[in-house]
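What you see below is based on every heavy atom in this structure, not just the backbone, and it leaves out hydrogens, waters and symmetry mates. Small disclaimer: the values here were computed from a predicted structure and weren't measured.
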Amino acid sequence: MKHFPLIKPLLVTAMLFAGTAQAATEARQALEASPVDDIVARYPAMMSQGIRDGLKRSGQLPPMVADTIGNVVSNSFNAADIEQQIVTDLQKELTDAQLEAVQNWYETPVARKISTAEIAASAPSVWPEIQARAPELNSKYKGTAKAEMFDRFDRASRATESAVDTSIAVQLGLATAMAAFSSDSANYEQLRQRIESQRSMLTGVIGQQVYDSYLYTYEKIGDQEMNLYLEFLESPAGAAFSRVVTNSIQQAITDPIESVGRQLTQFLSPAPAAKSQ
């Protein structure tokens, strides 16, 4: 009895699924070894608070409306979904050897120390302290090796570049909600052009914020430890991991923005006046 023609594709399919499951496990293990999953868990709260504070500072919306927008944003992002997006992209774009190298790095004592510092600094409640200590830390580290390492860190992590792109995407998405408060049909387009025209300015502002955060986060990380971290980020495995994680997070954040804008427009637009009989 020649069952081989049927058995062969079944075996191949089984092997493919086994390989996919193994890759997913390795991607998950690499992510869990890193601080990324802990930081991503805070993203909905960070997004909500950041947008809420930004809208209040702009003075263009009443505080109560800004809080409402913040709540809608918070409910539109799911940390588990973002994490799954990262795992899927990691298993698709990194080799087994790269995933293993990433996991091996994050299991070293130096990486664990750095990860602990990054997780602690990612809490939304810490941002006011980062801002408060910025002048002191900028002065303390001026001209030091740690300050000189920042450009390497920023290039390797794409921190400023990614933050600017994400900020513009978020602002453009929320522009729909802002337009709901104006009868001017050109309001959204004008806002879009204004936001895009501010890219250079945003790069400067956000770049300084990233630098302030860098000094605060790695204050207790020695120069030798920081150099080891930068060597990992610049390695093929580290660079691939950072690129995929950054792109996945940016996509997971910006993709729902249009939906958020539509929800806010429906929620915030005045109800149509009843027709007179």
For the student: nearest non-hydrogen atoms of [X] and [Y], plus distance:
X	Y	value
L94	A237	CD2-O, 4.5 Å
T160	T203	CG2-O, 3.9 Å
I168	E196	CG2-OE2, 3.9 Å
L233	A156	CB-CB, 3.7 Å
Y106	A33	CB-O, 3.4 Å
K146	I221	NZ-O, 2.6 Å

- [ ] Output all residues satisfying side chain to side chain donor-acceptor pair (under 3.5 Å) with D165, sequence neighbours left out; order by chain, then residue number.
- [x]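 Applying side chain to side chain donor-acceptor pair (under 3.5 Å) to D165 gives R199.
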- [ ] For the residue pair F232 and F241, categorise the inter-ring angle as parallel (less than 30°), tilted (30 to 60°) or perpendicular (more than 60°).
- [x]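 Ring orientation of F232 relative to F241: tilted.
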- [ ] Please work out which of the three classes, parallel, tilted or perpendicular, describes the rings of Y218 and F153, given edges at 30° and 60°.
- [x]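 If you compare the ring of F153 with that of Y218, the planes turn out perpendicular.
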Have [X] and [Y] got a donor and an acceptor in their side chains that come within less than 3.5 Å?
X	Y	answer
N227	E231	yes
D81	Q85	no
S213	Q209	no

Nearest 0.5 Å please: distance from the [atom1] atom of [X] over to the [atom2] atom of [Y].
X	Y	atom1	atom2	result
D38	E32	CG	CD	9.5 Å
W105	L228	CH2	CG	5.5 Å
Q250	E161	CD	CD	8.0 Å
L137	D212	CG	CG	8.0 Å
L31	I86	CG	CD1	5.5 Å
E219	Y214	CD	OH	12.0 Å

Open item on the list: Strictly distance-based, threshold 3.5 Å: is any side-chain N or O of N138 a donor or acceptor partner for the main-chain N or O of A134?
Closed with: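 Yes.
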Task: Exam field: side chain S139 to backbone P135, donor-acceptor pair closer than 3.5 Å - done: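 Absent.
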Task: hydrophobic_cluster_shared for I206 and V126, side chain cutoff 4.5 Å - done: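 Same cluster: V126 reaches I206 through Ile, Leu, Val, Met, Phe, Trp or Tyr contacts under 4.5 Å.
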Open item on the list: Taking E83 first and then R28, would you say they form a salt bridge - that is, a charged N and a carboxylate O separated by under 4.0 Å?
Closed with: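 A salt bridge is present here (some side-chain N lies under 4.0 Å from a carboxylate O).
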Open item on the list: Just to verify, which of E136, E129, Q131 counts as forming a side chain to side chain donor-acceptor pair (under 3.5 Å) with Y216?
Closed with: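 Single pass found, and it is E129.
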Open item on the list: Out of the candidates E234, R152, K113, E118, only one should pair with Y229 under the side chain to side chain donor-acceptor pair (under 3.5 Å) rule; please name it.
Closed with: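 Single pass found, and it is E118.
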Open item on the list: With a 4.5 Å cut-off on side-chain heavy atoms, are D154 and Y211 touching?
Closed with: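 Side chain of Y211 against side chain of D154, heavy atoms only: no contact under 4.5 Å found.
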Open item on the list: Any heavy-atom pair between the side chains of R42 and I119 that's under 4.5 Å?
Closed with: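 Result yes, sub-4.5 Å side-chain heavy-atom pair found.
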Open item on the list: Run T108 and N104 through side chain to side chain contact (heavy atoms under 4.5 Å, CB included) and show every step you take.
Closed with: CA-CA 7 Å; T108 65; N104 289 342; over 6 Å; no
- [ ] Would you please test T246 and R158 for side-chain hydrogen bond (donor to acceptor under 3.5 Å, both in side chains) and show each step?
- [x] CA-CA 8 Å; T246 300; R158 295 176 55 219; 4.7 Å; no
